[in-house]
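Here is the structure we will look at, set down as structure tokens.
Predicted, not measured: the structure shown is a model, and the values here were computed from it. A note on names: the letters A, B, ... follow the listed sequences, proteins ahead of strands, and every chain is numbered from 1.
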There are 2 protein chains.
Amino acid sequence: MSDGVLTIADRIHNKLDDLTRAERQLAHSILENYPASGLGPLAALAKGAEVSVPTVARMVQKLGFNGYPEFQAELREELKAKVQNPIAKHDTWAEGAPSGHVLNQFTDAVIDNIRHTLGQIAPAKFDEACAMVADQTKSLYIVGGRVTHTLAEYLFLHTQVIRPRVTHVQSTSNTWPHYLLDVAEGDVFVIFDVRRYENNTLKLAEMAHARGAMIILFTDQWRSPVHQLAHISFSSRIVVPSAWDSAATTMLLVETMIAAVQNIDWDGTKERMERLEEMFDQTKLFRKFT
Amino acid sequence: MSDGVLTIADRIHNKLDDLTRAERQLAHSILENYPASGLGPLAALAKGAEVSVPTVARMVQKLGFNGYPEFQAELREELKAKVQNPIAKHDTWAEGAPSGHVLNQFTDAVIDNIRHTLGQIAPAKFDEACAMVADQTKSLYIVGGRVTHTLAEYLFLHTQVIRPRVTHVQSTSNTWPHYLLDVAEGDVFVIFDVRRYENNTLKLAEMAHARGAMIILFTDQWRSPVHQLAHISFSSRIVVPSAWDSAATTMLLVETMIAAVQNIDWDGTKERMERLEEMFDQTKLFRKFT
DNA sequence: TTCGCCTTGTTACAAATATAACAGAATTTT
DNA sequence: AAAATTCTGTTATATTTGTAACAAGGCGAA
């Protein structure tokens with residue numbers, strides 16, 4: 001909506017009385033399935049409305065555009081703005097912060113990333129991945145790289161509570177080959193690999209793959225080379241106004257996965273959590289109150 | 001939608017592996033603001049994706065269309081169908097997921113958390129905290145707990161690139177008192193403490209405070225007891241439909257802080273990053289391309 | 001009924017847009 | 001390390017698409 005807040009549909013409505021018979025016919029045709037019809041070629045629009053080509057051209061000028069292409073361009077802008085989620089719209093997040101403040105810029109970017117990422121995930125694949133992670137008949141290996149090991153660690157920390165036979169492998173350490181000794185056919189690897197993709201991680205993935213392990217990959221929009229070996233891949237958008245990439249979206253996916261996995265065998269999870277609590281009580285690690 | 005049930009976005013996704021570098025770049029650009037960008041002229045799309053005009057033409061053919069106009073026509077059909085079908089409304093994040101799916105529930109909760117959290121942060125305080133973290137005349141200590149050490153680690157990893165004199169202290173380890181030996185008046189502590197608040201972390205904070213250090217605290221909405229000692233506190237909302245709390249919002253804050261801090265002395269940051277790159281090159285840790 | 005104006009459509013032209021052919025660059029294979 | 005293949009971009013051509021000019025048709029007023 002380049003000028004003002006009026007959509008083109010609004011403008012057509014306002015002008016409706018000033019239009020001639022053929023033009024009105026056209027106007028209704030445009031509004032009929034808005035905005036799709038207006039985005040096609042002029043001739044098609046004319047034909048659809050059963051008016052002549054110049055009628056379209058003239059009406060577009062009456063609406064204040066310099067030509068049909070300009071009209072289309074604004075329609076596209078409108079569409080773009082519309083598709084972008086209402087939440088991402090310029091609510092300023094931190095009240096009182098100038099909208100150019102890092103807090104706002106960054107948050108906008110992350111919300112945007114989340115939206116794009118979630119839009120590309122097939123729920124069925126996600127469920128399948130969760131089932132694999134929950135499968136206690138197989139061993140589970142979690143692999144992170146230089147930066148992503150924090151995410152891997154986070155997933156490890158929680159899956160460890162949920163189920164036995166979980167191992168955290170750091171591909172940056174050169175001790176990782178030891179961990180692969182016990183890998184059996186059908187074991188599950190959750191691998192994190194985002195830019196800059198690490199050679200170690202790829203090698204590890206190849207070995208795991210060669211031994212018949214199943215790979216679930218968390219990567220970015222450009223996709224780590226590991227994805228060719230992976231059974232299931234999830235790619236997050238990670239671009240933010242910073243010299244580094246954002247891990248927030250991937251973190252969200254990981255947390256969601258944890259939530260889903262804990263529910264698959266909730267009784268078992270609950271029982272394990274209670275036992276863990278008991279042990280915590282004995283170590284007096286946590287405060288009892290507040 | 002016109003043939004079969006596959007949207008063009010789906011088709012692009014399926015083909016993604018068969019595409020070349022430039023084509024993949026283009027594909028992402030199309031999905032970026034879909035479908036608006038695909039409805040403009042071919043040249044504009046090419047320019048937006050920073051590829052050449054024929055690359056677009058070729059990819060469109062790979063997707064199985066007889067030409068760009070045909071591709072556009074189908075996009076419009078899709079749009080038409082989508083607008084007519086109220087169920088296709090954009091309130092569901094992961095399209096095709098029943099709205100009760102974990103992916104949607106969890107994401108909704110996190111977005112909500114972000115809104116609440118950001119709404120309560122005073123930008124001035126945030127800037128002040130960033131300045132403290134950036135101040136290279138003081139030593140910086142980063143402290144995490146059992147779960148939050150992943151966040152602490154993440155912050156550490158990046159601040160370490162930005163500036164010297166950064167230390168990561170794990171309060172869960174019993175070696176932490178050693179780290180406090182060198183603490184001087186005015187040194188800065190960034191402490192993470194969320195439910196369940198840890199005794200170790202509180203003790204550590206007390207000692208740091210006694211030595212005249214400044215404390216920046218990342219906690220949750222109920223606030224860790226450390227906040228009474230803290231110079232600046234940030235409380236995140238962390239409730240999600242899961243047995244555990246969410247770290248995603250706090251992660252967002254941490255990343256924003258990293259972005260802000262790197263800008264305070266950008267020249268210095270850049271220089272350090274370049275040196276790091278050189279060292280990476282020598283270790284061949286990362287893949288050179290893609 | 002006839003004149004004049006407004007509206008609409010047909011035709012012709014100009015501009016833009018998409019496709020095809022080619023050549024250089026990059027990547028992979030031998 | 002060289003050759004072959006694949007990929008990518010530049011240039012040129014053909015087609016489509018939009019616009020302008022013009023002519024025919026319709027409608028109201030005298």
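Classified by interplanar angle (parallel below 30°, tilted 30° to 60°, perpendicular above 60°), the ring pair B:Phe65/B:Phe71 is perpendicular.
Using modelled atom types, one finds a donor on one side chain and an acceptor on the other under 3.5 Å when comparing B:Asp10 with B:Thr7. No side-chain donor from either of B:Thr150 and B:Glu153 sits under 3.5 Å from a side-chain acceptor of the other. In this model, no donor atom of one side chain and acceptor atom of the other lie less than 3.5 Å apart for A:Ser235 and A:Gln221. With no hydrogens or angles considered, a side-chain donor-acceptor pair links A:Ser224 and A:Asp193 at under 3.5 Å. With no hydrogens or angles considered, no side-chain donor-acceptor pair links B:Glu32 and B:Ser29 at under 3.5 Å.
The CD atom of B:Glu70 sits 18 Å away from the P atom of D:dT15 (whole-angstrom rounding). Here D:dC7 presents its C1' atom at 12 Å from CZ of B:Arg24, a figure rounded to the nearest Å.
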What does nucleotides 6-19 of chain C look like as a protein-contact string, B for base, S for sugar-phosphate only, - for none, at under 4.0 angstrom between heavy atoms?
-SBBB------SSB

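At least one donor-acceptor pair closer than 3.5 Å links the side chain of A:His149 to the backbone N or O of A:Arg146.
In this structure, A:Arg195 satisfies the cation-pi test against A:Trp222, with its NZ or CZ atom closer than 6.0 Å to the six-membered ring centre and inside 45 degrees of the ring normal.
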Output one line per pair: protein atom, nucleotide atom from nucleotides 25-29 of chain D, and distance, for all N/O pairs under 3.5 Å.
none

